[in-house]
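Just so it is clear, the model here is predicted, and its values are computed rather than measured. Values below: every heavy atom of this structure, side chains too, minus hydrogens, waters and symmetry copies. Residue numbering restarts at 1 for every chain, and letters A, B, ... go by the order of the sequence lines.
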Protein chains: 2
Amino acid sequence: MKLTTKGRYAVTAMMDLAIQSSASPVALEEISGRQDISQSYLEQLFALLRRAGLVEGIRGPHGGYQLARDVNEISIAEVIAAVDENIDLTCGNGSSCSGDADPCLTHGLWTTLSEQIYNFLHGIKLGELIKSPEVLKITQKREVGRVADIPVHLQVGNIN
Amino acid sequence: MKLTTKGRYAVTAMMDLAIQSSASPVALEEISGRQDISQSYLEQLFALLRRAGLVEGIRGPHGGYQLARDVNEISIAEVIAAVDENIDLTCGNGSSCSGDADPCLTHGLWTTLSEQIYNFLHGIKLGELIKSPEVLKITQKREVGRVADIPVHLQVGNIN
DNA sequence: TAATTCCCGACTGTTTTAGTCAGGATTGTT
DNA sequence: AACAATCCTGACTAAAACAGTCGGGAATTA
(Lines give C-alpha, C1' and ligand atoms only; values in the text may rest on other atoms or scores of the structure.)
Protein backbone atom coordinates (compact mmCIF):
# COMPACT_ATOMS: atom_id res chain seq x y z
CA MET A 1 0.00 0.00 0.00
CA LYS A 2 1.43 3.25 -1.11
CA LEU A 3 0.95 6.41 0.85
CA THR A 4 1.37 9.44 -1.30
CA THR A 5 -0.12 12.87 -1.67
CA LYS A 6 -2.32 11.43 -4.36
CA GLY A 7 -4.03 9.22 -1.83
CA ARG A 8 -4.22 12.13 0.56
CA TYR A 9 -5.97 14.23 -2.02
CA ALA A 10 -8.44 11.44 -2.58
CA VAL A 11 -9.18 11.02 1.09
CA THR A 12 -9.55 14.74 1.59
CA ALA A 13 -11.95 14.99 -1.32
CA MET A 14 -13.98 12.05 -0.07
CA MET A 15 -14.22 13.59 3.35
CA ASP A 16 -15.45 16.78 1.82
CA LEU A 17 -18.06 14.77 -0.04
CA ALA A 18 -19.02 12.98 3.10
CA ILE A 19 -19.42 16.19 5.02
CA GLN A 20 -21.61 17.80 2.37
CA SER A 21 -23.54 14.66 1.67
CA SER A 22 -26.92 15.77 2.77
CA ALA A 23 -28.97 14.98 -0.27
CA SER A 24 -27.88 16.78 -3.39
CA PRO A 25 -24.72 15.91 -5.25
CA VAL A 26 -21.60 17.97 -4.84
CA ALA A 27 -19.85 19.48 -7.84
CA LEU A 28 -16.13 19.12 -8.23
CA GLU A 29 -15.82 22.86 -8.53
CA GLU A 30 -16.97 23.22 -4.94
CA ILE A 31 -14.57 20.64 -3.64
CA SER A 32 -11.81 22.20 -5.64
CA GLY A 33 -12.51 25.55 -4.04
CA ARG A 34 -12.90 24.29 -0.51
CA GLN A 35 -9.98 21.90 -0.43
CA ASP A 36 -7.69 23.79 -2.75
CA ILE A 37 -7.16 20.97 -5.19
CA SER A 38 -7.03 21.51 -8.92
CA GLN A 39 -10.36 20.69 -10.50
CA SER A 40 -8.82 18.85 -13.42
CA TYR A 41 -6.80 16.75 -11.08
CA LEU A 42 -9.90 16.03 -9.08
CA GLU A 43 -11.57 14.81 -12.23
CA GLN A 44 -8.84 12.27 -12.68
CA LEU A 45 -9.11 11.12 -9.11
CA PHE A 46 -12.88 10.87 -9.22
CA ALA A 47 -12.71 8.84 -12.40
CA LEU A 48 -10.76 6.29 -10.38
CA LEU A 49 -13.03 6.56 -7.38
CA ARG A 50 -16.03 6.03 -9.58
CA ARG A 51 -14.54 2.98 -11.24
CA ALA A 52 -13.85 1.60 -7.80
CA GLY A 53 -17.53 1.97 -6.97
CA LEU A 54 -16.99 4.48 -4.21
CA VAL A 55 -18.83 7.42 -5.75
CA GLU A 56 -21.52 8.05 -8.33
CA GLY A 57 -21.46 10.83 -10.85
CA ILE A 58 -24.58 12.74 -11.76
CA ARG A 59 -24.48 14.89 -14.85
CA GLY A 60 -26.25 18.00 -15.79
CA PRO A 61 -27.01 21.15 -13.88
CA HIS A 62 -27.00 20.60 -10.14
CA GLY A 63 -25.14 17.43 -10.78
CA GLY A 64 -22.00 16.36 -9.05
CA TYR A 65 -20.79 13.40 -7.10
CA GLN A 66 -22.33 11.38 -4.31
CA LEU A 67 -20.96 8.64 -2.15
CA ALA A 68 -22.06 5.32 -3.54
CA ARG A 69 -22.34 3.82 -0.07
CA ASP A 70 -22.99 4.86 3.45
CA VAL A 71 -20.23 6.91 5.04
CA ASN A 72 -19.75 4.20 7.60
CA GLU A 73 -19.16 1.58 4.97
CA ILE A 74 -16.31 3.31 3.21
CA SER A 75 -12.90 2.87 4.70
CA ILE A 76 -9.88 5.04 4.18
CA ALA A 77 -8.01 2.02 2.89
CA GLU A 78 -10.49 1.64 0.06
CA VAL A 79 -10.15 5.23 -0.96
CA ILE A 80 -6.40 5.04 -1.09
CA ALA A 81 -6.45 1.73 -2.88
CA ALA A 82 -8.75 3.21 -5.52
CA VAL A 83 -6.29 5.86 -6.61
CA ASP A 84 -2.98 4.27 -5.69
CA GLU A 85 -3.64 1.28 -7.80
CA ASN A 86 -0.27 -0.25 -7.26
CA ILE A 87 -1.01 -3.13 -4.96
CA ASP A 88 1.61 -5.69 -5.72
CA LEU A 89 4.66 -5.52 -3.62
CA THR A 90 6.89 -7.56 -5.82
CA CYS A 91 9.82 -7.67 -3.53
CA GLY A 92 12.58 -8.33 -5.94
CA ASN A 93 11.08 -6.29 -8.72
CA GLY A 94 11.25 -9.10 -11.19
CA SER A 95 13.77 -11.16 -9.34
CA SER A 96 13.20 -14.49 -7.78
CA CYS A 97 11.05 -13.30 -4.94
CA SER A 98 7.54 -14.31 -5.63
CA GLY A 99 6.94 -15.33 -2.11
CA ASP A 100 6.97 -18.97 -3.05
CA ALA A 101 10.25 -20.70 -3.24
CA ASP A 102 12.88 -18.24 -2.25
CA PRO A 103 11.38 -15.21 -0.60
CA CYS A 104 13.81 -12.38 -0.25
CA LEU A 105 15.13 -11.44 3.14
CA THR A 106 12.60 -8.76 3.80
CA HIS A 107 9.58 -10.41 2.25
CA GLY A 108 7.87 -11.14 5.51
CA LEU A 109 8.55 -7.71 6.84
CA TRP A 110 6.85 -5.91 3.98
CA THR A 111 3.87 -8.15 3.81
CA THR A 112 3.36 -7.82 7.51
CA LEU A 113 3.76 -4.08 7.48
CA SER A 114 1.39 -3.82 4.56
CA GLU A 115 -1.22 -5.77 6.42
CA GLN A 116 -0.79 -3.63 9.48
CA ILE A 117 -1.22 -0.42 7.58
CA TYR A 118 -4.15 -1.80 5.70
CA ASN A 119 -5.84 -2.93 8.87
CA PHE A 120 -5.28 0.41 10.46
CA LEU A 121 -6.74 2.32 7.54
CA HIS A 122 -9.49 -0.16 6.90
CA GLY A 123 -10.66 0.23 10.44
CA ILE A 124 -11.27 3.90 9.96
CA LYS A 125 -14.41 4.82 8.05
CA LEU A 126 -15.24 8.13 6.49
CA GLY A 127 -18.13 8.44 8.88
CA GLU A 128 -15.86 8.35 11.87
CA LEU A 129 -13.43 10.82 10.52
CA ILE A 130 -15.98 13.46 9.75
CA LYS A 131 -17.53 13.38 13.13
CA SER A 132 -14.42 14.12 14.73
CA PRO A 133 -14.50 15.23 18.07
CA GLU A 134 -13.83 11.64 18.96
CA VAL A 135 -11.31 10.69 16.38
CA LEU A 136 -9.62 13.86 15.37
CA LYS A 137 -9.79 15.51 18.66
CA ILE A 138 -7.95 12.66 20.19
CA THR A 139 -5.20 13.02 17.72
CA GLN A 140 -5.05 16.72 18.20
CA LYS A 141 -5.19 16.87 21.90
CA ARG A 142 -1.89 15.51 22.83
CA GLU A 143 1.08 16.22 24.84
CA VAL A 144 3.52 18.47 23.27
CA GLY A 145 7.05 17.54 22.65
CA ARG A 146 7.27 14.04 21.48
CA VAL A 147 6.65 14.75 17.85
CA ALA A 148 10.19 15.92 17.63
CA ASP A 149 11.30 12.38 18.24
CA ILE A 150 9.94 11.31 14.92
CA PRO A 151 12.12 12.30 12.02
CA VAL A 152 10.17 14.51 9.74
CA HIS A 153 10.79 12.41 6.72
CA LEU A 154 9.30 9.42 8.43
CA GLN A 155 6.07 11.14 8.93
CA VAL A 156 3.36 10.12 6.61
CA GLY A 157 2.38 12.93 4.50
CA ASN A 158 2.95 16.13 6.08
CA ILE A 159 2.60 17.34 9.32
CA ASN A 160 3.25 20.80 10.21
CA MET B 1 6.11 7.98 4.76
CA LYS B 2 7.15 6.55 1.56
CA LEU B 3 7.52 2.84 1.50
CA THR B 4 9.25 2.30 -1.78
CA THR B 5 11.62 -0.17 -3.27
CA LYS B 6 14.42 2.18 -2.41
CA GLY B 7 13.82 1.71 1.26
CA ARG B 8 13.37 -1.99 0.70
CA TYR B 9 16.70 -2.20 -1.06
CA ALA B 10 18.31 -0.44 1.85
CA VAL B 11 16.77 -2.73 4.42
CA THR B 12 17.62 -5.80 2.42
CA ALA B 13 21.22 -4.70 2.07
CA MET B 14 21.46 -3.93 5.77
CA MET B 15 20.08 -7.34 6.60
CA ASP B 16 22.64 -8.94 4.37
CA LEU B 17 25.31 -6.97 6.19
CA ALA B 18 23.89 -8.01 9.52
CA ILE B 19 23.85 -11.66 8.57
CA GLN B 20 27.45 -11.63 7.34
CA SER B 21 28.66 -9.47 10.16
CA SER B 22 31.04 -11.87 11.76
CA ALA B 23 34.18 -9.86 11.86
CA SER B 24 35.47 -8.83 8.49
CA PRO B 25 33.81 -6.15 6.39
CA VAL B 26 31.54 -7.05 3.52
CA ALA B 27 32.17 -5.70 0.04
CA LEU B 28 29.35 -4.22 -1.95
CA GLU B 29 30.11 -6.61 -4.76
CA GLU B 30 29.09 -9.51 -2.54
CA ILE B 31 25.87 -7.89 -1.48
CA SER B 32 25.15 -6.98 -5.05
CA GLY B 33 25.54 -10.58 -6.10
CA ARG B 34 23.59 -12.11 -3.24
CA GLN B 35 20.70 -9.69 -3.19
CA ASP B 36 20.55 -8.93 -6.88
CA ILE B 37 20.92 -5.19 -6.53
CA SER B 38 23.04 -3.12 -8.85
CA GLN B 39 26.39 -2.36 -7.29
CA SER B 40 26.40 1.25 -8.39
CA TYR B 41 22.99 1.74 -6.90
CA LEU B 42 24.19 0.13 -3.71
CA GLU B 43 27.01 2.63 -3.59
CA GLN B 44 24.51 5.44 -3.62
CA LEU B 45 22.46 3.86 -0.90
CA PHE B 46 25.46 3.13 1.27
CA ALA B 47 26.66 6.68 0.92
CA LEU B 48 23.39 7.70 2.57
CA LEU B 49 23.57 4.97 5.16
CA ARG B 50 27.09 5.99 6.04
CA ARG B 51 26.14 9.63 6.40
CA ALA B 52 23.35 8.54 8.69
CA GLY B 53 25.89 6.81 10.87
CA LEU B 54 24.50 3.34 10.32
CA VAL B 55 27.48 1.79 8.59
CA GLU B 56 31.21 2.29 8.34
CA GLY B 57 33.20 1.98 5.15
CA ILE B 58 36.63 0.39 5.12
CA ARG B 59 38.76 0.91 2.07
CA GLY B 60 41.41 -1.13 0.45
CA PRO B 61 41.62 -4.83 -0.26
CA HIS B 62 39.41 -6.89 1.99
CA GLY B 63 37.57 -3.72 2.79
CA GLY B 64 33.85 -3.27 2.70
CA TYR B 65 31.13 -2.13 5.00
CA GLN B 66 30.34 -2.92 8.59
CA LEU B 67 27.44 -2.01 10.76
CA ALA B 68 28.34 0.97 12.87
CA ARG B 69 26.28 -0.30 15.79
CA ASP B 70 25.03 -3.51 17.23
CA VAL B 71 22.39 -5.27 15.17
CA ASN B 72 19.97 -4.87 18.02
CA GLU B 73 20.43 -1.13 18.11
CA ILE B 74 19.52 -0.45 14.52
CA SER B 75 15.85 -0.20 13.73
CA ILE B 76 14.20 -0.59 10.38
CA ALA B 77 12.79 2.89 10.70
CA GLU B 78 16.28 4.32 10.85
CA VAL B 79 17.35 2.51 7.74
CA ILE B 80 14.39 3.71 5.77
CA ALA B 81 14.80 7.22 7.09
CA ALA B 82 18.39 7.27 5.93
CA VAL B 83 17.56 6.71 2.29
CA ASP B 84 14.02 8.04 1.94
CA GLU B 85 14.86 11.51 2.94
CA ASN B 86 11.97 13.06 1.21
CA ILE B 87 9.80 15.42 3.09
CA ASP B 88 6.51 16.61 1.81
CA LEU B 89 5.81 19.58 3.89
CA THR B 90 2.72 21.02 2.39
CA CYS B 91 -0.41 19.31 3.56
CA GLY B 92 -2.53 21.13 1.08
CA ASN B 93 0.33 21.85 -1.26
CA GLY B 94 0.59 25.48 -0.45
CA SER B 95 -2.81 25.81 1.02
CA SER B 96 -3.64 27.04 4.43
CA CYS B 97 -2.78 23.87 6.25
CA SER B 98 0.20 24.60 8.34
CA GLY B 99 -1.21 22.85 11.31
CA ASP B 100 -1.82 26.09 13.01
CA ALA B 101 -5.05 27.80 12.33
CA ASP B 102 -6.89 25.69 9.86
CA PRO B 103 -5.55 22.16 9.61
CA CYS B 104 -6.87 20.36 6.60
CA LEU B 105 -9.50 17.71 7.03
CA THR B 106 -7.12 14.82 7.10
CA HIS B 107 -4.37 16.42 9.10
CA GLY B 108 -4.91 14.40 12.22
CA LEU B 109 -5.27 11.19 10.31
CA TRP B 110 -1.89 11.39 8.65
CA THR B 111 -0.20 12.52 11.79
CA THR B 112 -1.51 9.58 13.69
CA LEU B 113 -0.77 7.10 10.97
CA SER B 114 2.78 8.42 10.77
CA GLU B 115 3.33 7.75 14.37
CA GLN B 116 1.88 4.29 14.13
CA ILE B 117 4.08 3.28 11.26
CA TYR B 118 7.12 4.81 12.84
CA ASN B 119 6.52 3.01 16.08
CA PHE B 120 5.99 -0.23 14.29
CA LEU B 121 9.19 0.01 12.27
CA HIS B 122 11.22 1.48 15.05
CA GLY B 123 10.31 -1.43 17.25
CA ILE B 124 11.85 -3.90 14.86
CA LYS B 125 15.61 -4.16 14.94
CA LEU B 126 17.88 -5.72 12.37
CA GLY B 127 18.91 -8.29 14.91
CA GLU B 128 15.38 -9.56 15.24
CA LEU B 129 14.73 -9.69 11.56
CA ILE B 130 17.69 -11.83 10.69
CA LYS B 131 16.52 -14.41 13.16
CA SER B 132 13.58 -15.54 11.10
CA PRO B 133 11.15 -17.26 11.27
CA GLU B 134 10.53 -16.32 14.85
CA VAL B 135 10.57 -12.74 13.77
CA LEU B 136 7.54 -13.07 11.63
CA LYS B 137 5.47 -14.20 14.53
CA ILE B 138 6.77 -11.38 16.60
CA THR B 139 6.09 -8.79 14.00
CA GLN B 140 2.62 -10.08 13.56
CA LYS B 141 1.88 -9.55 17.16
CA ARG B 142 2.98 -5.99 16.94
CA GLU B 143 -0.06 -4.30 15.68
CA VAL B 144 -0.55 -0.91 14.35
CA GLY B 145 -3.25 0.23 16.62
CA ARG B 146 -6.46 1.95 15.89
CA VAL B 147 -6.81 5.63 16.47
CA ALA B 148 -9.18 5.19 19.30
CA ASP B 149 -6.93 2.67 20.94
CA ILE B 150 -4.04 4.98 21.40
CA PRO B 151 -3.73 6.21 24.90
CA VAL B 152 -4.02 9.93 24.92
CA HIS B 153 -0.82 10.42 26.77
CA LEU B 154 1.08 8.65 24.04
CA GLN B 155 -0.34 10.70 21.30
CA VAL B 156 1.77 13.48 20.13
CA GLY B 157 1.83 16.01 17.47
CA ASN B 158 0.84 19.44 16.84
CA ILE B 159 -2.21 20.94 17.34
CA ASN B 160 -4.11 23.44 15.84
C1' DT C 1 -31.61 25.39 -27.01
C1' DA C 2 -28.39 26.64 -23.66
C1' DA C 3 -26.01 26.09 -19.51
C1' DT C 4 -24.15 22.99 -16.38
C1' DT C 5 -21.85 19.31 -15.00
C1' DC C 6 -19.62 14.91 -15.57
C1' DC C 7 -16.53 12.34 -18.59
C1' DC C 8 -12.42 11.21 -21.37
C1' DG C 9 -8.07 11.23 -23.60
C1' DA C 10 -3.99 13.43 -24.73
C1' DC C 11 -0.48 16.45 -23.47
C1' DT C 12 3.20 18.79 -20.28
C1' DG C 13 6.68 19.91 -16.64
C1' DT C 14 8.78 18.37 -12.60
C1' DT C 15 10.45 15.00 -9.38
C1' DT C 16 11.78 10.48 -8.06
C1' DT C 17 13.57 5.92 -9.06
C1' DA C 18 16.95 3.10 -10.42
C1' DG C 19 20.45 2.89 -12.40
C1' DT C 20 25.30 3.85 -15.41
C1' DC C 21 29.74 5.82 -15.97
C1' DA C 22 34.12 7.89 -15.13
C1' DG C 23 37.14 8.96 -12.26
C1' DG C 24 39.29 9.63 -7.85
C1' DA C 25 41.17 8.33 -2.76
C1' DT C 26 42.70 4.92 0.44
C1' DT C 27 44.79 0.82 1.81
C1' DG C 28 46.59 -4.18 1.94
C1' DT C 29 49.61 -7.26 -0.53
C1' DT C 30 53.43 -8.39 -3.20
C1' DA D 1 57.08 1.14 -5.02
C1' DA D 2 53.55 -1.01 -7.80
C1' DC D 3 49.32 -2.91 -8.03
C1' DA D 4 44.85 -4.28 -7.12
C1' DA D 5 40.90 -4.04 -4.35
C1' DT D 6 37.68 -1.34 -2.43
C1' DC D 7 35.33 2.71 -1.02
C1' DC D 8 33.85 7.32 -2.47
C1' DT D 9 32.05 11.10 -5.37
C1' DG D 10 29.71 13.50 -8.83
C1' DA D 11 27.58 13.82 -13.15
C1' DC D 12 24.71 11.82 -16.28
C1' DT D 13 20.45 9.04 -18.07
C1' DA D 14 15.93 6.53 -19.05
C1' DA D 15 11.76 5.48 -17.33
C1' DA D 16 8.09 6.09 -14.34
C1' DA D 17 5.10 8.62 -11.28
C1' DC D 18 3.12 12.90 -9.73
C1' DA D 19 0.49 16.89 -10.44
C1' DG D 20 -1.46 18.99 -13.12
C1' DT D 21 -3.47 21.43 -17.97
C1' DC D 22 -6.19 21.48 -22.05
C1' DG D 23 -9.74 20.59 -25.34
C1' DG D 24 -13.47 18.49 -26.44
C1' DG D 25 -17.16 15.65 -25.81
C1' DA D 26 -21.98 13.47 -23.51
C1' DA D 27 -25.82 13.77 -20.47
C1' DT D 28 -29.18 16.33 -18.11
C1' DT D 29 -31.89 20.10 -16.40
C1' DA D 30 -34.11 24.61 -17.02
Side-chain angles (χ1 to χ4, degrees), chain A residues 2-10 12-13 17 24-33 35-52 54-66 68 80 83-95 153 157-158, chain B residues 1-10 12-13 17 24-33 35-52 54-66 68 80 83-95:
Chain A
K2 277 197 312 184
L3 300 169
T4 68
T5 51
K6 194 178 182 182
R8 232 169 26 231
Y9 278 153
T12 303
L17 248 195
S24 54
V26 180
L28 290 190
E29 194 185 12
E30 298 175 44
I31 301 180
S32 171
Q35 306 303 335
D36 201 29
I37 306 173
S38 136
Q39 184 173 343
S40 306
Y41 198 33
L42 274 181
E43 283 181 352
Q44 282 186 20
L45 298 181
F46 271 83
L48 296 169
L49 293 170
R50 194 172 56 85
R51 269 167 233 159
L54 296 177
V55 297
E56 286 168 359
I58 293 159
R59 305 205 224 190
H62 303 109
Y65 282 96
Q66 281 176 334
I80 293 178
V83 299
D84 277 339
E85 56 214 293
N86 182 17
I87 315 161
D88 65 341
L89 38 132
T90 55
C91 274
N93 63 310
S95 83
H153 40 281
N158 28 0
Chain B
M1 153 142 59
K2 297 193 311 179
L3 299 170
T4 69
T5 51
K6 193 178 183 181
R8 262 204 320 266
Y9 279 152
T12 303
L17 249 195
S24 54
V26 180
L28 289 190
E29 194 185 13
E30 298 176 43
I31 301 181
S32 171
Q35 306 302 334
D36 200 29
I37 306 173
S38 135
Q39 184 173 343
S40 305
Y41 196 33
L42 275 181
E43 283 181 350
Q44 283 186 19
L45 297 181
F46 271 83
L48 296 169
L49 294 170
R50 194 172 57 85
R51 269 167 232 160
L54 297 176
V55 297
E56 284 168 1
I58 294 158
R59 305 205 223 189
H62 303 109
Y65 283 97
Q66 281 176 333
I80 292 177
V83 298
D84 273 339
E85 57 208 296
N86 180 35
I87 317 164
D88 191 3
L89 276 171
T90 53
C91 222
N93 68 308
S95 82

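- Among the nucleotides D/dC7, D/dT9, C/dT20, the one closest to any side-chain atom of B/S38 is C/dT20.
- In this structure, the CG atom of B/L45 is 10 Å from the C1' atom of C/dG19, given to the nearest Å.
- Under 4.0 angstrom from either OP1 or OP2 of C/dT5 there lies no side-chain N or O belonging to A/Y65.
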| query | What string of B, S and - do you get for nucleotides 22-30 of chain C, 5' to 3', when a contact is any protein heavy atom under 4.0 Å? | reply | --BBBBB--

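- Nucleotide D/dA17 holds its P atom 18 Å from the CD1 atom of A/I80, rounded to whole Å.
- If you take CD of A/Q39 and C1' of D/dG23, they are 14 Å apart, rounded to a whole angstrom.
- Residue-level contact check: B/V26 touches the backbone only, with heavy atoms under 4.0 Å from sugar-phosphate atoms and none from bases.
- Remark on DNA chain C: of its neighbouring residues A/Q44 and A/G64, the 5'-side contact belongs to A/G64, judged by nearest-heavy-atom nucleotide.
- When heavy atoms are screened at a 4.0 angstrom cut-off, B/A27 is found touching the sugar-phosphate backbone but no base atom.
- Spacing between atom CZ of B/F46 and atom P of D/dC7 amounts to 9 Å, rounded to whole angstrom units.
- Separating the CG atom in A/L42 from the OH atom in A/Y65 is a distance of 9.5 Å, to the nearest 0.5 Å.
- Applying the side chain to side chain contact (heavy atoms under 4.5 Å, CB included) criterion to A/S38, with sequence neighbours excluded, gives A/S40, A/Y41.
- Regarding contacts with the backbone of D/dC7, every side-chain N or O of B/R50 stays at 4.0 angstrom or more from both OP1 and OP2.
- Distance CG (A/D84) to P (C/dT16): 16 Å, rounded to an integer number of Å.
- One can place CG of B/D36 at 13 Å from C1' of C/dG19, the figure rounded to the nearest angstrom.
- For B/A52, the side chain to side chain contact (heavy atoms under 4.5 Å, CB included) test picks out B/L54, B/A82, with sequence neighbours left out.
- With sequence neighbours excluded, no residue satisfies side chain to side chain contact (heavy atoms under 4.5 Å, CB included) with A/R59.
- Between the CZ atom of B/R51 and the C1' atom of D/dC7 there is a distance of 13 Å, given to the nearest Å.
- Put simply, B/Y9 has no side-chain N or O that comes within less than 4.0 Å of OP1 or OP2 on C/dT17.
- Scanning for salt bridge (Lys or Arg N to Asp or Glu O under 4.0 Å) contacts around A/E29 gives an empty result, with sequence neighbours left out.
- Residues A/V83 and A/Q44 form no side-chain contact, since every pair of their non-hydrogen atoms from C-beta on lies 4.5 Å or further apart.
- Rounded to an integer number of Å, the gap from B/E56 CD to D/dC7 P is 14 Å.
- With sequence neighbours left out, B/E43 forms a side chain to side chain contact (heavy atoms under 4.5 Å, CB included) with B/L28, B/Q39.
- Not one side-chain nitrogen or oxygen of A/S40 sits closer than 4.0 Å to the OP1 or OP2 atom of D/dC22.
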